[in-house]
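Here's the structure we're looking at; comments come further down.
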Amino acid sequence: MKKEKQIKKFDKQVKMYENKRANQKFAALRNKLIKNAYGNVLEVGVGAGANFSYYDRNNVEITGVDFSSKMIKSAKREASNFQMKAEFIQEDIDELILEPNSFDTIVSTLSLCSYPDPIATLSKFSSWCRGDGIILLMEHGLSSNPLLSFTQKVIDPLHTKFSGCHCNRNIDKIIEESCLQVDQIERYWADIIYLIRAKPTK
Ligand SMILES: C[S@@+](CC[C@H](N)C(=O)[O-])C[C@H]1O[C@@H](n2cnc3c(N)ncnc32)[C@H](O)[C@@H]1O
């Protein structure tokens with residue numbers, strides 16, 4: 001899918017992402033993941049700022065990245081609601097250039113599904129993260145249930161057309177082929193949702 005088309009798709013979904021911020025199904029998982037964030041935090045695919053209420057705001061300074069101007073605007077409002085120290089960059093992750101080793105924590109939630117080359121994106125995360133830093137991911141991918149994964153594969157073209165993201169990513173394979181050193185992986189909801197804590201490779 002062309003980038004401009006994908007950006008428009010996410011621009012149009014901003015209200016939905018604002019409404020989903022309070023989604024109780026994700027609340028416990030976001031809390032479990034985000035409480036590990038500290039220091040200079042890079043949150044990629046920041047969306048409408050759904051993670052902001054879970055950060056320890058006295059312990060983090062956020063740089064939020066998203067290619068959708070509407071999402072960035074919404075995330076800015078949410079950051080000010082929580083009085084977060086935050087700045088934002090509107091940029092495509094594939095074009096984004098940042099200093100290596102400049103963040104203590106890299107966060108990505110429900111976003112790896114949208115990137116054309118998720119392994120290359122994880123390699124960028126690794127380079128931007130300090131050697132003793134942490135990479136925190138909450139992602140969705142193929143279920144371990146054969147019927148569900150079959151359905152995910154069948155509906156993926158339609159899913160991508162309407163939402164701008166894939167529902168059939170093999171997260172196990174992506175993580176295995178990436179340069180991340182995994183500390184912990186937990187899976188939820190028929191193994192569709194992954195919580196991952198990892199370290200960069202230096
Ligand atoms: C599925 S939403 C997830 C939003 C948020 N992280 C959450 O947990 O609710 C994916 C976000 O990533 C952004 N995104 C997708 N592809 C991107 C890219 N190539 N570069 C920058 N942002 C991107 C979208 O605009 C959207 O805000």
Side-chain angles (χ1 to χ4, degrees), residues 17 20-47 49-66 82 84 86 93 96 98 100-115 117-146 148-149 152 165-202:
Y17 278 95
K20 283 200 320 196
R21 276 186 200 127
N23 185 330
Q24 283 311 304
K25 283 196 294 183
F26 280 114
L29 299 181
R30 289 191 193 274
N31 185 42
K32 190 168 189 186
L33 187 77
I34 300 299
K35 70 181 182 191
N36 298 295
Y38 68 95
N40 282 326
V41 177
L42 177 69
E43 186 173 337
V44 182
V46 67
N51 293 321
F52 289 172
S53 62
Y54 303 98
Y55 285 108
D56 172 0
R57 72 184 158 94
N58 297 315
N59 200 18
V60 295
E61 287 186 29
I62 314 272
T63 302
V65 176
D66 207 292
F82 286 96
M84 316 275 309
I93 187 73
L96 186 66
L98 295 168
N101 306 312
S102 50
F103 292 93
D104 301 298
T105 309
I106 314 276
V107 171
S108 163
T109 59
L110 309 177
S111 296
L112 220 48
C113 51
S114 333
Y115 306 137
D117 186 345
I119 296 172
T121 303
L122 291 177
S123 157
K124 287 185 155 197
F125 290 2
S126 179
S127 99
W128 294 329
C129 189
R130 295 201 172 103
D132 56 356
I134 184 168
I135 297 168
L136 303 172
L137 311 174
M138 177 176 81
E139 302 296 349
H140 66 88
L142 277 180
S143 171
S144 60
N145 175 307
L148 275 177
S149 66
Q152 287 174 299
C165 84
H166 293 278
C167 65
N168 68 346
R169 289 259 153 111
N170 185 332
I171 302 291
D172 276 334
K173 193 158 177 276
I174 290 169
I175 296 293
E176 208 178 290
E177 289 177 9
S178 80
C179 59
L180 301 192
Q181 302 175 55
V182 173
D183 278 341
Q184 193 177 26
I185 295 197
E186 293 172 16
R187 296 179 74 174
Y188 298 89
W189 306 359
D191 293 338
I192 288 174
I193 300 293
Y194 285 69
L195 281 198
I196 299 170
R197 283 191 1 214
K199 287 194 175 68
T201 305
K202 296 291 163 188

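Put simply, CG on Asn36 and CD1 on Ile34 are 8.5 Å apart, with the number rounded to the nearest 0.5 Å. Cys113 contributes atom SG, which lies 7.5 Å from atom CZ of Arg169 (distance to the nearest 0.5 angstrom).
Geometrically, Arg30 engages Phe26 in a cation-pi contact, judged by NZ or CZ lying under 6.0 Å from the ring centre and within 45° of the ring axis.
Summarising the geometry of Leu142 relative to Arg187, their closest heavy-atom pair is O-NH2, 3.3 Å, with the distance given to 0.1 Å. When all heavy atoms are compared, the tightest approach of Arg57 to Phe82 is CD-O, 2.8 Å. Considering all non-hydrogen atoms of both residues, Phe125 and Ile93 come closest at CE1-CD1, 4.3 Å. Closest of all the heavy-atom pairs between Ala37 and Tyr55 is CB-CE2, 3.6 Å. Residues Ser149 and Ser143 share a closest heavy-atom pair of CB-O, 3.4 Å. Of all heavy-atom pairs spanning Ser178 and Leu122, the tightest one is CB-CD1, 3.7 Å.
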Test side-chain contact (heavy atoms from CB on, under 4.5 Å) applied to Ile196 and Ile171, step by step: CA-CA 10 Å; Ile196 299 170; Ile171 302 291; 4.1 Å; yes
side-chain contact (heavy atoms from CB on, under 4.5 Å) between Thr105 and Leu136, intermediate numbers included: CA-CA 7 Å; Thr105 309; Leu136 303 172; 3.7 Å; yes
Test log, rule side-chain contact (heavy atoms from CB on, under 4.5 Å), inputs Leu33 and Tyr54: CA-CA 9 Å; Leu33 187 77; Tyr54 303 98; over 6 Å; no
Working for side-chain contact (heavy atoms from CB on, under 4.5 Å), residues Glu139 and Thr109: CA-CA 6 Å; Glu139 302 296 349; Thr109 59; 5.7 Å; no
Criterion side chain to side chain donor-acceptor pair (under 3.5 Å) on Tyr38 and Glu61, from CA distance to verdict: CA-CA 8 Å; Tyr38 68 95; Glu61 287 186 29; over 6 Å; no
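The shortest side-chain heavy-atom distance between Ile185 and Leu195 does not fall under the 4.5 Å cut-off. Ile175 is listed as a side-chain neighbour of Leu137, based on a closest heavy-atom distance under 4.5 Å. With a 4.5 Å cut-off on side-chain heavy atoms, Glu43 and Thr63 do not count as touching. When side chains are defined from C-beta on, Leu180 counts as touching Ile135, because their heavy atoms get closer than 4.5 Å. Contact annotation: the side chain of Trp189 never approaches that of His140 to less than 4.5 Å [non-hydrogen atoms, C-beta and beyond]. Taking the side chain as every heavy atom from C-beta outward, Val65 and Val46 never approach each other to under 4.5 Å.
With sequence neighbours excluded, the residues satisfying salt bridge (charged side-chain N to carboxylate O under 4.0 Å, His left out) with Asp183 are Lys199. Ser111 meets the side-chain contact (heavy atoms from CB on, under 4.5 Å) test with Ser108, Tyr115; sequence neighbours excluded. Partners of Lys20 by salt bridge (charged side-chain N to carboxylate O under 4.0 Å, His left out), not counting sequence neighbours: none found. With sequence neighbours excluded, the residues that form a salt bridge (charged side-chain N to carboxylate O under 4.0 Å, His left out) with Glu186 are Lys32. In this structure Glu176 satisfies the salt bridge (charged side-chain N to carboxylate O under 4.0 Å, His left out) test with no other residue, sequence neighbours excluded.
For Lys173, the NZ atom is loosely surrounded, since the number of other residues' heavy atoms within 6.0 Å does not exceed 12.
Screening Val107, Leu110, Leu112 for a side chain to side chain contact (heavy atoms under 4.5 Å, CB included) involving Met138 leaves a single residue, Leu110.
A side chain to side chain donor-acceptor pair (under 3.5 Å) check over residues 121-133, counting only residues at least two apart or in different chains, returns the pairs Asp104-Arg130.
Between the side chain of Asn168 and the backbone N or O of Gln152 there is no donor-acceptor pair closer than 3.5 Å.
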